[in-house]
Amino acid sequence: SSGNVGTSRTYVSVVDVDAPLVVVVDVTLKVGITGQALLTENDVVSSKSDNCGSVSVSLNQTLFDCTHAGASHVVLVTAMDARGLTTNKTVVVSVVDETDPHFVNNPYTVYLDHNGVASALPFHNDTCGVDQIVSSITVANCLDIISSPHTLNVFVSDVHGNILTGTVDMSVVDNLPANFSVLNGSVALDASGAGSISSSELVSEAVDNCGVASESLDQSSFGCVDVGVVSVLVTVTDDNGNDATATSYVSVSDSVSPVVAINEQVDLYLNGSGSIELVLGDVEVSSSDACGILSHELSRRYFSCSDAGMSFNVSLSVSDVNGNVAVLYSNVTIHDSVVPSVSSVGFVSLNLNSSGFVSIVASDVDSSSSDNCAFTLSLDDSTFSCDDVGNNSVLLIGTDVNGNVGNASVTVEVVDTIAPVVFVADVVVSLNASGSVTIGSVDVVSSSSDNCGVSVTSLNKTTFTCGSVGTNVA
């Protein structure tokens with residue numbers, strides 16, 4: 001009481017033994033379009049408190065999904081104060097799915113597959129799963145293309161009994177082309193140079209989900225310009241207008257030989273030079289080929305005098321532009337109808353020899369005779385005698401090796417220039433009673449000769465008289 005103070009220290013332990021207070025309520029959770037629902041403290045705790053301040057709350061399960069829908073689930077709620085004291089409560093969480101299923105209600109298109117079918121159901125879904133979908137057309141096929149689009153009545157239910165009904169327009173389309181394989185083909189042109197092929201010869205097998213409507217070729221007719229290998233585009237069109245194409249290779253051939261007409265017998269005549277050329281026009285009457293003639297060839301063209309009178313089997317080969325050859329044979333006979341050209345000197349004079357003869361040969365009177373082939377000259381008279389003295393007409397004859405004969409005349413003058421030879425003898429004659437005497441050549445000529453013969457012997461004086469007595473020269 002005097003104001004003096006005394007102190008002493010002691011230790012006081014303060015303990016919080018009061019757990020927090022928490023009030024909870026049961027709750028219903030809806031899984032939405034995400035298919036999940038999140039349970040929070042605010043969903044189940046209506047109030048919480050603690051004598052010492054703040055309280056934290058935890059849940060042993062906060063996430064629920066479609067697997068939890070349709071059932072109730074007990075969730076442990078734990079409240080903890082700052083001192084770690086806890087209070088546990090349980091709540092019942094009912095999880096429900098009240099979201100209707102969904103299907104596309106905008107117009108849509110389905111495409112048929114290789115089997116010609118397609119699911120006709122519209123796109124549909126549900127967060128927790130579709131249990132059933134029913135449509136007025138479930139599977140579309142090729143027959144549905146014609147009446148497309150179709151208005152479908154659709155019913156969809158999910159696994160939790162939610163349903164949706166409605167209508168939607170659906171179109172059915174086939175955009176798959178036919179499946180086929182091609183073969184390579186061949187075409188042989190006919191005599192007119194034309195040929196054709198059909199699609200059935202090039203299409204091995206064509207199948208389509210809705211059926212094949214037609215097969216076509218971009219080229220089915222062929223001509224001479226196509227000889228060789230031609231690429232042909234093959235098109236297969238299905239019942240819905242889809243085209244499939246492939247390339248086939250067609251071998252176009254021309255095996256038709258040219259058509260040729262000939263002269264089976266040809267007569268050729270050697271010209272003035274003793275030769276002749278066989279030309280195409282001598283043998284060929286006509287030739288034709290649909291694709292065109294390339295060449296003509298004769299196995300022999302030239303002939304000469306050595307061939308005259310002979311026949312030859314000559315071939316004519318006619319080739320077309322594609323290598324086809326027609327070969328025909330003609331009998332060619334060579335003739336020489338040219339007569340030798342005979343020319344004489346015109347006149348020649350010949351002197352008989354001492355025997356009264358003279359001879360000549362053709363060359364003595366030839367003046368540049370000629371012929372296209374070999375020839376010989378002869379005379380129709382080459383030996384002359386005293387009987388021929390004077391002018392004689394003689395033929396100079398030219399004969400060639402082929403029997404052609406030509407001639408020319410020549411005048412041959414035969415001249416006798418040799419005088420007779422006479423031998424005489426002296427004679428003595430006596431006058432007669434009349435005083436004269438007559439003698440003849442026989443009285444004095446002992447012999448006489450001539451190449452052509454002595455025709456007459458005469459004396460220049462044959463009568464002698466008295467006045468001639470003595471020696472007289474006669």
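Computed from a prediction, not measured in an experiment: that's the story for all the values here.
- By the neighbour-count criterion of 12 heavy atoms within 6.0 Å, atom CD of Q61 is densely surrounded, having more than that number from other residues, nucleotides or ligands.
- The stretch residues 8-52 participates, sequence neighbours left out, in no disulfide bond (SG atoms under 2.5 Å apart) pair at all.
- Between D336 and N404 the shortest heavy-atom distance is O-ND2, 2.7 Å.
- For the pair I133 and P122, the minimum side-chain heavy-atom distance is below 4.5 Å.
- Atom CG of N407 is separated from atom OG1 of T399 by 9.0 Å, given to the nearest 0.5 angstrom.
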Trace of the side-chain contact (heavy atoms from CB on, under 4.5 Å) decision for D190 with V256:
CA-CA 7 Å; D190 59 22; V256 180; 5.7 Å; no
Does S253 form a side chain to side chain donor-acceptor pair (under 3.5 Å) with S255? I'd like the steps, not just the answer.
CA-CA 6 Å; S253 62; S255 60; 5.3 Å; no
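- Looking only at side-chain heavy atoms (C-beta outward), N392 and D381 stay at 4.5 Å or farther from each other.
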Stepwise side chain to side chain donor-acceptor pair (under 3.5 Å) check, T67 with D65:
CA-CA 5 Å; T67 60; D65 58 24; 2.3 Å; yes
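- With a 4.5 Å cut-off on side-chain heavy atoms, D289 and D254 count as touching.
- Nearest heavy atom pair, residue T151 against residue D169, reads OG1-OD1, 2.7 Å.
- More than 12 heavy-atom neighbours from other residues, nucleotides or ligands sit within 6.0 angstrom of CG on L38.
- A pairwise comparison of heavy atoms in S248 and L202 identifies OG-CD2, 3.6 Å as the closest pair.
- Distance CG/L379 to CG/L396: 5.5 Å, rounded to 0.5 Å.
- Contact annotation: the side chain of D380 approaches that of V394 to within less than 4.5 Å [non-hydrogen atoms, C-beta and beyond].
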Under the criterion side chain to side chain donor-acceptor pair (under 3.5 Å), I'd like the reasoning laid out for S72 against S94: C-alpha separation, chi angles, the key distance, then a yes or no.
CA-CA 4 Å; S72 296; S94 298; 3.2 Å; yes
List the steps and the verdict of side-chain contact (heavy atoms from CB on, under 4.5 Å) for N162 and L164.
CA-CA 7 Å; N162 301 300; L164 178 66; over 6 Å; no
Sequence neighbours left out, cut at 3.5 Å: what donor-acceptor pairs do the side chains of residues 205-215 make with other protein atoms?
from : atom 1 : to   : atom 2 : distance (Å)
D208 : OD1    : A178 : N      : 3.2
D208 : OD2    : C210 : N      : 2.9
D208 : OD2    : G211 : N      : 3.3
N209 : ND2    : D113 : O      : 2.8
N209 : ND2    : D174 : OD1    : 3.1
E215 : OE1    : S199 : OG     : 3.4

What's the verdict on side chain to side chain donor-acceptor pair (under 3.5 Å) for T333 and S311, showing C-alpha distance, side-chain angles and the deciding distance?
CA-CA 4 Å; T333 302; S311 294; 2.7 Å; yes
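- Expressed to the nearest 0.5 Å, how far CG of N153 lies from CD1 of I137 amounts to 10.0 Å.
- Taking each heavy atom of S135 and V154 in turn, the nearest pair found is OG-CG2, 4.3 Å.
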Determine whether T127 and D97 satisfy the following criterion, side-chain contact (heavy atoms from CB on, under 4.5 Å), listing intermediate values before the conclusion.
CA-CA 9 Å; T127 303; D97 170 22; 5.8 Å; no
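- Annotation: side chain of V44 is not in contact with side chain of V75 (no heavy-atom distance under 4.5 Å).
- Note on ring orientation: taking the six-membered ring where Trp is involved, the planes of F64 and H73 are tilted (angle from 30° to 60°).
- Proximity of a side-chain donor or acceptor of D218 to a complementary backbone N or O of L233 within less than 3.5 Å is detected.
- In terms of heavy atoms, E277 sits closest to D282 at O-OD2, 3.9 Å.
- Atom CZ of F347 has more than 12 neighbouring heavy atoms from other residues, nucleotides or ligands inside a 6.0 Å radius.
- Residues V325 and S317 approach most closely at CG1-CB, 4.1 Å, considering heavy atoms.
- Annotation: side chain of R300 is in contact with side chain of D307 (closest heavy-atom distance under 4.5 Å).
- Remark: Q219 CD is packed, more than 12 non-hydrogen atoms of other residues, nucleotides or ligands lying under 6.0 Å away.
- The environment of I33 atom CD1 is sparse: at most 12 non-hydrogen atoms of other residues, nucleotides or ligands sit within 6.0 angstrom.
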